[in-house]
There are 2 protein chains.
Amino acid sequence: MSGAMLKNALVTLKESGVRITPQRHAILEFLISSETHPTADEIYKALEHDFPNMSVATVYNNLRVFRNAGLVKELTFGDASSRFDFVTHDHYHIICDECGSIVDFHHPGLEEVERLASYVTGFKVNSHRLEVYGVCPSCQEQGKASKAN
Amino acid sequence: MSGAMLKNALVTLKESGVRITPQRHAILEFLISSETHPTADEIYKALEHDFPNMSVATVYNNLRVFRNAGLVKELTFGDASSRFDFVTHDHYHIICDECGSIVDFHHPGLEEVERLASYVTGFKVNSHRLEVYGVCPSCQEQGKASKAN
DNA sequence: TACTTCATTGTAATGATTACAATTAGTTTA
DNA sequence: TAAACTAATTGTAATCATTACAATGAAGTA
């Protein structure tokens, strides 16, 4: 099924007049197969083996191309670098305050919130962003173990 | 009323053993009176006149102190620098995709989303973050005016 | 095949944020 | 109030993610 996602993405790109290069193919493939919302640098390092000459600028350039095509979302948290997420069906993220791990979860869209926001502010709403923060099961276990802190 | 907010903030700081310096006082005061969710650099520039010797490092240091004390929230969007928001009652932000202006709006908390996320993922939920994106009234006007684009 | 245009590469530049060491200034206690 | 202790500020250098740019290379097209 991730094969179909890749194929769709390539079609979308072609339709917007974007050339399919081996680097773009590889970056997309990696993003789709990745569960971890990688940073640009992580993508770069992951593909270093197959593309020893690829520049980190290429990764950034293409992430921007994908983002403009609506294929990829950029996630900016407080920390230094952005993370990138291949857009599939709508999902939100929950992030562990302790270890930083990111887990997807599904929830019906928040149209009602968008409506209210639009009504109150007069904005024409395009989209929204939601993240939940907490402590993941694994860190909860460790917390129990070292109660002494 | 913003005077009371400042006073409360100072008490909170003192209670956590944080010293009240003129710089901290000024940064807090500016944040409370500001409607614009300023960046660290904007704060620095705004106070330059009153504190000609203040270092930009001081601004960053103290914003971190305030954040740790729960007085200030850091807002990270895609763009280069973080913005800082004095925490009052709970409100969310709606951001203009075109001009970047940020407007507050109120909405009941999303406890139900938190509950679902917690149930699905096993996380112990601490908080969430929500932002809505769209086009502000003023940019909508300009869009109409220059349909030619 | 040759041409046109876009993509990649490598490197330098930018800009936000942080680290660090020296100095200064709150706060406490006698 | 003065001395002493400790935390805060300052100035600067360092770091690190991201972007700009110019030269080279490769896709797509006639």
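Letters go in sequence order (proteins before strands), and every chain restarts at 1.
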Starting at [atom1] of [X] and ending at [atom2] of [N], how long is that distance when rounded to a whole Å?
X: A:Lys45; N: D:dA17; atom1: NZ; atom2: C1'; result: 12 Å
X: B:Leu28; N: D:dA8; atom1: CG; atom2: C1'; result: 15 Å
X: B:Leu47; N: D:dT9; atom1: CG; atom2: C1'; result: 14 Å
X: B:Lys14; N: C:dT28; atom1: NZ; atom2: C1'; result: 13 Å
X: B:Leu10; N: C:dG26; atom1: CG; atom2: P; result: 14 Å
X: B:Leu13; N: D:dA7; atom1: CG; atom2: P; result: 16 Å

B:Arg129 CZ to B:Thr76 OG1 distance, which is reported to the nearest 0.5 Å |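 If I round to the nearest 0.5 Å, the distance is 4.0 Å.
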
Can you measure from NE2 (B:His107) to CD1 (B:Ile94) and round to the nearest 0.5 angstrom?
->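 Reported to 0.5 Å precision, the distance equals 11.5 Å.
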
For A:Gly134 against B:Phe123, the heavy-atom pair lying closest together =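 Closest approach of A:Gly134 to B:Phe123, heavy atoms only: C-CD2, 4.0 Å.
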
Qualifying salt bridge (charged side-chain N to carboxylate O under 4.0 Å, His left out) pairs with a residue from residues 16-25 of chain B, counting only residues at least two apart or across chains |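 Sorted pair list comes back empty.
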
Flag the pair A:Leu28 / A:Leu6 as yes when at least one side-chain heavy-atom distance between them is below 4.5 Å, and no otherwise.
->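 Yes, at least one pair of side-chain atoms sits under 4.5 Å.
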
Report yes if the side chains of B:Val113 and B:His128 come closer than 4.5 Å at any heavy-atom pair, otherwise no.
->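 Not in contact.
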
End-to-end axis angle, where each axis spans five pairs of the helix from C:dT1-D:dA30 to C:dA30-D:dT1, to 10° |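 If I round to tens, the end axes sit 30° apart.
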
What does nucleotides 6-21 of chain C look like as a protein-contact string, B for base, S for sugar-phosphate only, - for none, at under 4.0 angstrom between heavy atoms?
-> BSSBB-----SSBB--

Ion pair present between A:Glu74 and A:Arg64, side-chain N to carboxylate O less than 4.0 angstrom?
->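 Answer for the salt bridge query: no.
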
Mind checking whether B:His93 and B:His37 have ring centres under 6.0 Å apart?
->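 Ring centroids of B:His93 and B:His37 are less than 6.0 Å from each other.
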
